[in-house]
Amino acid sequence: MEVIAESWHSLPCVCVNSCEEEKLVSNKNQLQEHTSSYYAATINEYPAFPQLRGAKSADICVVGAGFTGIATALTLAERGYSVAVVEANRVGWGASGRNGGQLISGVGGAARLRKKHGEGVSDLLWDLKWRGNDIIFDRVKKYSIDCNLKPGYIDVALKPRHVSDLEDDMKELQRRNFPYQYHLLDRDETQETLGTEAYIGGLTNMRNGHLHPLNLCLGEAHAAVGLGAAIYEQSPVTEIVHGARPKVMTDQGYVEADSVVLAGNAYHKLEAKHLSGLTFPAGSYIIGTEPLPSEVIDEINPQDMAVCDLNEVVDYHRLSADGRLLYGGRCNYSGREPASIKSSILPRMLKVYPQLKDVRIDYEWGGKVGIVIKRVPVLGRINSNVWYSQGYSGHGVNNTHIMGEIMADAIAGQMEKFDLFAGIKHYRIPGSQWIGNQVIALGMLYYRLRDLL
Ligand SMILES: Cc1cc2nc3c(=O)[nH]c(=O)nc-3n(C[C@H](O)[C@H](O)[C@H](O)COP(=O)(O)OP(=O)(O)OC[C@H]3O[C@@H](n4cnc5c(N)ncnc54)[C@H](O)[C@@H]3O)c2cc1C
């Protein structure tokens, strides 16, 4: 299972040049609404949150309202802290509101963590691996969040060594008496389950699943507000003024707090002295078809599973609640932003489902993933009261929720899990972002070669 956890969405695609979002942040003229995606088109209505104006005070101020920021804020609010969240654009504007919606267990860099801390942490890592799923399933129920959460996921094998990986994962589930349904599928069963000859095996897991990520993020944000948290949108943070009570500055105001949590992931450039070069922004891209007829759905995914292959650089797909195929993956290995997302991703989708050749594509979009060379999420703190968590290497829906809880624990003084991650020394690529992305582009080629073997 670990192989999956570590490889899922790893290094999906790279943009070296001018991703539109790179122009973001710190200038109010560049404030952005949600990118035009299937998710933005089906967003639950919500009144915009105000801009930050004037002086505010809170126990904790969180910068960035993606899953990391919102999950941390909600956990803290549940524990009675006063929390303010400051977001440059909109809640869920970044990767959290744009992703594949695949809820997959795992802890980034688990093998590396075991190597560093010893096999003694294996049980802890196993529990953490499922913790993000538990938090999400619990919150969706507790706060009645309307985000189309559905159990059902399948890892699919493209080559014999993937089948061996799945067999190992299966043994681990058995050894741990995993309490949810899972099945190892042979070639015929996989082909029957997914209506394609592209895969030669699969492992289903009913504790994983899929969801509408933007609506989950918004639902959690509203849950936090219901517990007293304040959220400010369209308020890019320009600077952190350090001190006993650091100040989170925007052009029009600030929040003073006992602790600050930086949760801007691939989109923020704050605290460059400490954080630049530790994570790299790589692009990942998705297309969405028109709603498919029920007979086509019955053929390609009658059990409504989220699907992800086992390549190093993965392709992934699932059906939306209204029956569209949302298909995502890599575009190229050149390290450049694709000229057309649709013409890059569509051939990959048709390789798996040639029967969809006449289907209309209604949506195409992308977003930035924070890649970490060692795959372990980058957790740490600056001056004892400015905390950060970022870099889930494309495996963020569950990991952000795990880390949100770990950050909240750490702020309350429970450091064990935080130290597990913060103890990893990460590689820092010196120089400009351009140079960093060239390195990632080379890394992409390496993984592509491995996938070809
Ligand atoms: C196309 C795509 C598909 C993906 N598919 C999956 C998937 O299916 N399953 C999965 O597990 N993971 C997936 N991922 C990865 C996952 O979405 C991310 O790991 C996760 O959402 C990261 O959440 P985050 O809150 O850390 O960052 P983000 O969601 O990117 O949020 C960061 C926020 O910080 C804000 N911000 C930045 N700078 C500032 C500032 N100076 N002031 C104030 N706010 C600031 C940004 O505006 C943004 O809203 C995918 C990612 C992409 C892009």
Side-chain angles (χ1 to χ4, degrees), residues 5 8-10 12-13 19 21 24-27 31-32 34-35 37 39 52 61-73 85-106 108 132-133 136 153 208-211 213-214 216-217 232-240 248-251 261-271 279 281-287 306-308 314 316-318 326 328-331 341 345 364-372 377-378 388-401 403-404:
W8 194 85
H9 274 196
S10 51
C13 200
C19 291
E21 298 93 343
L24 154 88
V25 187
S26 88
N27 180 338
L31 302 178
Q32 293 181 43
H34 291 291
T35 200
S37 67
Y39 301 124
L52 174 63
C61 181
V62 177
V63 180
F67 282 141
T68 302
I70 294 296
T72 306
V85 181
V86 187
E87 162 58 44
N89 298 292
R90 295 283 181 209
V91 170
W93 174 90
S96 301
R98 311 175 184 208
N99 62 58
Q102 308 226 345
L103 173 57
I104 309 175
S105 61
N133 297 43
I136 290 170
Y153 171 77
N208 290 326
H210 54 106
L211 50 82
L214 182 52
L216 173 62
C217 198
Y232 303 101
E233 290 183 317
Q234 306 241 308
S235 305
V237 172
T238 51
E239 185 192 359
I240 311 296
V248 171
M249 309 299 297
T250 70
D251 283 349
V261 177
L262 301 179
N265 201 13
Y267 288 98
H268 85 110
K269 297 188 172 78
L270 296 164
E271 297 296 326
T279 52
S284 183
Y285 302 92
I286 300 177
I287 56 174
V307 184
C308 187
V314 299
Y316 50 98
H317 57 89
R318 70 182 184 93
L326 305 183
R330 72 169 163 88
C331 300
I341 293 169
I345 300 288
E364 51 182 315
W365 73 93
K368 279 197 212 171
V369 171
I371 301 292
V372 183
V378 177
Y388 52 86
S389 174
Q390 59 188 50
Y392 312 103
S393 302
H395 190 64
V397 175
N398 80 320
N399 269 293
T400 47
H401 286 77
M403 299 311 151

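None of the values given here were measured: they were computed from a predicted structure. Numbering of ligands and ligand atoms starts at 1, following listing order.
- Note that CG of Leu211 and CG of Asn99 are 7.5 Å apart. Values are rounded to the nearest 0.5 Å.
- With ligand atoms numbered from 1 in the order given, ligand 1 contributes 43 (C), 44 (N) to contacts under 4.0 Å with heavy atoms of Val86.
- Looking at residues two or more places apart in sequence or on another chain, you find a ring pair (Phe, Tyr, Trp, His ring centres under 6.0 Å) between His317 and Tyr327, Tyr353.
- Selection from Pro236, Ala263, Gly64, Ser284 by nearest heavy atom to atom 32 (C) of ligand 1 gives Ala263.
- Interatomic distance, Gln234 CD to Thr250 OG1, rounded to the nearest 0.5 Å: 12.0 Å.
- Residue-ligand proximity: Ile104 is placed with every non-hydrogen atom at 4.0 Å or more from ligand 1.
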Before you tell me yes or no, could you show the steps for Ile104 and Asn398 under side-chain contact (heavy atoms from CB on, under 4.5 Å), namely the whole-Å CA-CA distance, both residues' side-chain angles and the distance that decides it to 0.1 Å? CA-CA 7 Å; Ile104 309 175; Asn398 80 320; 5.9 Å; no

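- Proximity of Val63 to ligand 1, defined as any heavy-atom pair under 4.0 Å, is confined to the side chain (atoms from C-beta onward).
- Among Gln32, Glu87, His210, Gln102, the residue whose heavy atom sits closest to atom 49 (O) of ligand 1 is Glu87.
- When the heavy-atom distances from atom 17 (O) of ligand 1 to Asn99, Thr68, Leu326 are ranked, the shortest goes to Asn99.
- When heavy-atom distances to ligand 1 are checked against a 4.0 Å cut-off, Tyr392 comes that close only through its side chain, counted from C-beta outward.
- Selection from Gly370, Gly66, Ser96 by nearest heavy atom to atom 23 (O) of ligand 1 gives Ser96.
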